[in-house]
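Worksheet for the structure shown next.
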Amino acid sequence: ELGAVWQQDRFLQQEYEPVYGLTATMVPLHRALASHPRLMEQYAEHLSFVRNITNPFRHSTLEVPPNPNAKQYYDRPRIFPPSISAETSLALKLFGNKPIPPGFDLMNELVQSIREGNVSLEPSSKSGWYDHCVFALEPLLFPEKAEETPKLKLSEKYRDELVALFKSLLSLTRETHTKQLEIPCHGGWFNTARLY
């Protein structure tokens with residue numbers, strides 16, 4: 001059953017416009033929701049729950065009428081959009097739709113970007129639970145900011161262990177939200193199935 005739920009939710013996160021066109025898919029779906037206020041209310045409640053438990057969405061939803069003339073990829077609505085995260089936002093910023101170069105390590109790049117101040121893990125007012133969980137890991141990268149620091153003498157080896165622990169815990173945290181978090185397709189293409 002969990003596999004079926006995974007497939008269903010991932011299916012409803014995808015973009016349908018390339019196959020069917022926005023006016024053939026999302027506009028009628030929005031109209032159907034808008035014509036039943038209780039249905040739209042339940043849809044909005046579900047989206048709010050997902051935003052709070054994971055993170056805000058990168059794409060728009062069917063809570064507002066879709067814009068058939070939307071030029072930006074992320075302005076095109078999804079039924080249940082995937083949520084953003086610091087790591088996927090960094091990957092999109094670095095590569096967009098270009099292929100990822102051989103040997104690239106996103107986790108190392110993320111750690112470096114956080115330490116250089118180019119990526120902030122601090123939750124915003126719109127952040128969900130996922131951002132707060134990830135932010136709680138940040139002291140592992142900046143042990144010198146902890147209150148206990150004056151009492152500690154940290155060797156380079158120990159600092160490296162803290163970085164490894166950060167990477168491991170971030171991976172575990174992401175795993176608990178993996179169904180909902182965005183998975184960018186850099187330089188790749190998912191074969192879109194046509195439904196009849």
Side-chain angles (χ1 to χ4, degrees), residues 1-36 38-101 104 106-107 110 124 126-131 133-134 170-196:
E1 275 191 35
L2 288 177
V5 170
W6 170 279
Q7 288 180 327
Q8 168 191 284
D9 287 4
R10 279 293 177 190
F11 178 77
L12 294 172
Q13 287 176 1
Q14 70 181 336
E15 180 184 17
Y16 300 101
E17 293 83 64
V19 176
Y20 303 104
L22 190 63
T23 36
T25 55
M26 296 304 176
V27 171
L29 282 172
H30 169 76
R31 285 189 192 136
L33 286 168
S35 66
H36 296 85
R38 180 64 187 131
L39 192 60
M40 179 61 91
E41 184 182 327
Q42 290 173 331
Y43 175 69
E45 285 173 0
H46 175 76
L47 294 176
S48 176
F49 173 76
V50 172
R51 281 186 194 104
N52 289 330
I53 202 75
T54 302
N55 263 346
F57 308 128
R58 189 173 303 279
H59 299 269
S60 59
T61 68
L62 294 175
E63 294 171 285
V64 296
N67 176 7
N69 301 316
K71 300 286 185 234
Q72 295 297 321
Y73 174 71
Y74 293 111
D75 291 338
R76 300 180 201 152
R78 307 287 176 98
I79 299 171
F80 295 112
S83 294
I84 62 172
S85 68
E87 57 275 16
T88 53
S89 295
L90 176 62
L92 287 167
K93 180 182 173 186
L94 292 173
F95 300 110
N97 61 358
K98 296 180 286 193
I100 296 174
F104 176 78
L106 179 60
M107 197 65 85
L110 179 64
S124 72
K126 296 180 179 179
S127 287
W129 178 243
Y130 181 78
D131 271 356
C133 291
V134 172
L170 177 57
S171 297
L172 287 172
T173 304
R174 185 172 175 88
E175 187 176 324
T176 63
H177 294 266
T178 193
K179 179 175 70 69
Q180 180 55 37
L181 288 171
E182 178 180 34
I183 301 174
C185 302
H186 301 289
W189 170 256
F190 281 130
N191 190 12
T192 308
R194 180 180 279 277
L195 302 177
Y196 295 96

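Keep in mind the model is a prediction, meaning the values are calculated, not measured.
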Passes side-chain contact (heavy atoms from CB on, under 4.5 Å), His177 versus Val134? Steps please. CA-CA 12 Å; His177 294 266; Val134 172; over 6 Å; no
Trp6 and Thr178: side-chain contact (heavy atoms from CB on, under 4.5 Å), yes or no, with the steps? CA-CA 10 Å; Trp6 170 279; Thr178 193; 3.6 Å; yes
Given Met40 and His30, is the side-chain contact (heavy atoms from CB on, under 4.5 Å) satisfied, shown in steps? CA-CA 9 Å; Met40 179 61 91; His30 169 76; 4.0 Å; yes
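No more than 12 heavy atoms of other residues, nucleotides or ligands sit less than 6.0 Å from atom CD of Glu175.
Put simply, the residue from Arg58, Arg78, Arg174 that forms a salt bridge (charged side-chain N to carboxylate O under 4.0 Å, His left out) with Glu182 is Arg58. Checked options Ile100, Leu106, Leu90; the residue passing with Phe95 is Ile100 (criterion: side chain to side chain contact (heavy atoms under 4.5 Å, CB included)).
Once rounded to the nearest 0.5 Å, the distance linking CD of Gln13 with CD of Gln8 reads 10.5 Å. Rounded to the nearest 0.5 Å, atoms OG1 (Thr173) and CD (Glu87) are 9.5 Å apart. Atom CE in Met26 sits 4.5 Å away from atom CD1 in Ile79 (nearest 0.5 Å).
Checking side-chain atoms of Gln180 against main-chain N and O of Pro81 turns up a donor-acceptor pair under 3.5 Å. In this structure, the side chain of Ser127 engages the main chain of Ser124 through a donor-acceptor pair within 3.5 Å. Side-chain atoms of Tyr130 do not come within 3.5 Å of backbone N or O of Ser83 as any donor-acceptor pair.
Residues Thr61 and Arg51 meet the side-chain proximity criterion, which asks for heavy atoms closer than 4.5 Å.
Of all heavy-atom pairs between Leu94 and Phe104, the closest is CD1-CZ, 3.9 Å. Listed here is the closest heavy atom pair of Leu170 and Met107: CD2-SD, 3.6 Å. In terms of heavy atoms, Ala44 sits closest to Glu63 at CB-OE2, 3.6 Å.
Partners of Asn52 under the side chain to side chain contact (heavy atoms under 4.5 Å, CB included) rule, at least two apart in sequence or in another chain, are Ser48. The side chain to side chain contact (heavy atoms under 4.5 Å, CB included) search around His46 returns Val50, Phe80, not counting sequence neighbours. For Arg10, there are no salt bridge (Lys or Arg N to Asp or Glu O under 4.0 Å) partners, not counting sequence neighbours.
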